[in-house]
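Presented below is the structure to which this report refers.
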Amino acid sequence: MNQVLVVRGVLPDFNNMINDLNRHWKFYASAKRQWTGVTVAECLAQRLRPVTPPVVLDFVWFTNGRKDPDNVRVASKMIIDGLVKAEILPQDTQKIIKGFTDSFHIDKDDPRVEVTIRPIKEDD
């Protein structure tokens with residue numbers, strides 16, 4: 001059964017995270033901890049249940065005006081780490097996560113990412 005996780009807010013982009021790393025690793029670590037924690041809290045609030053792997057993750061990005069696909073990789077990693085920490089996914093390996101999809105839309109009033117967790121059959 002598919003489940004949908006909604007994480008509201010403007011997640012960090014790739015360029016900002018690189019700048020944070022260049023200043024000092026603790027700035028990156030702080031942002032990662034924050035967004036991983038937000039994801040865990042949303043998993044609990046939205047009552048997501050652990051899934052039976054393997055899965056495909058479908059990300060729908062609603063941005064505040066920037067439609068830059070390169071920027072989502074850092075944010076998607078933080079969300080996946082939150083799914084593991086919340087025990088929705090057992091790990092973040094290729095054995096568990098078989099693929100991703102991304103689509104992009106603009107919603108200046110409610111930036112967010114909606115992640116559909118789709119369990120698949122082993123032979124799909």
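Just so you know, these numbers use all the heavy atoms, side chains as well, and skip hydrogens, waters and symmetry mates.
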| query | Could you give the distance from CG (Leu83) to CE (Met78), rounded to the nearest 0.5 Å? | reply | 14.0 Å
| request: For Pro90, check side-chain contact (heavy atoms from CB on, under 4.5 Å) against everything at least two apart and list the hits. | output: Pro53, Ile96
| Contact check, side chains of Asn2 and Pro119, non-hydrogen atoms, under 4.5 Å | yes
| field | Cluster check Val56, Val4: I/L/V/M/F/W/Y, side chain < 4.5 angstrom | value | no
| Hydrophobic cluster identity match, Val55 and Val6, side-chain contacts under 4.5 Å | no
| note | Interatomic distance, OG1@Thr52 vs CD1@Ile120, rounded to 0.5 Å, equals 12.5 Å
| Do you reckon Leu5 sits in the same ILVMFWY cluster as Val60, going by side-chain contacts under 4.5 Å, direct or chained? | no
| field | Contacts of Leu44 that satisfy side-chain contact (heavy atoms from CB on, under 4.5 Å) - sequence neighbours left out | value | Val40
Which donor-acceptor pairs under 3.5 Å do side chains of residues 110-118 form with protein atoms, sequence neighbours excluded?
{"unit_1": "Asp110", "atom_1": "OD1", "unit_2": "Arg8", "atom_2": "NE", "d": "3.3"}
{"unit_1": "Asp110", "atom_1": "OD2", "unit_2": "Arg8", "atom_2": "NH2", "d": "3.3"}
{"unit_1": "Arg112", "atom_1": "NE", "unit_2": "Glu114", "atom_2": "OE2", "d": "2.9"}
{"unit_1": "Arg112", "atom_1": "NH1", "unit_2": "Asp107", "atom_2": "OD2", "d": "2.9"}
{"unit_1": "Arg112", "atom_1": "NH1", "unit_2": "Asp110", "atom_2": "O", "d": "2.8"}
{"unit_1": "Arg118", "atom_1": "NE", "unit_2": "Asp58", "atom_2": "OD2", "d": "2.4"}
{"unit_1": "Arg118", "atom_1": "NH2", "unit_2": "Asp58", "atom_2": "OD1", "d": "3.4"}

| salt bridge (Lys or Arg N to Asp or Glu O under 4.0 Å): which pairs involve residues 36-51, sequence neighbours left out? | none
| task | Group every Ile, Leu, Val, Met, Phe, Trp and Tyr by side-chain heavy-atom contacts under 4.5 Å, then state whether Phe62 and Val38 land in the same group. | result | no
| task | Applying side-chain hydrogen bond (donor to acceptor under 3.5 Å, both in side chains), name anything that partners Lys98, two or more places apart in sequence or on another chain. | result | none
| field | ring pair (Phe, Tyr, Trp, His ring centres under 6.0 Å) contacts in which one or both residues fall within residues 33-60, not counting sequence neighbours | value | Phe59-Trp61
| remark: CD1 of Ile97 to CD1 of Ile80, rounded to nearest 0.5 Å, is 4.5 Å
| Does the side chain of Leu57 come within less than 4.5 Å of Ile79's, by heavy atoms? | no
| Residue pairs fulfilling salt bridge (Lys or Arg N to Asp or Glu O under 4.0 Å) with at least one residue in residues 74-90, sequence neighbours excluded | Lys32-Asp81, Lys77-Asp81, Lys77-Asp92
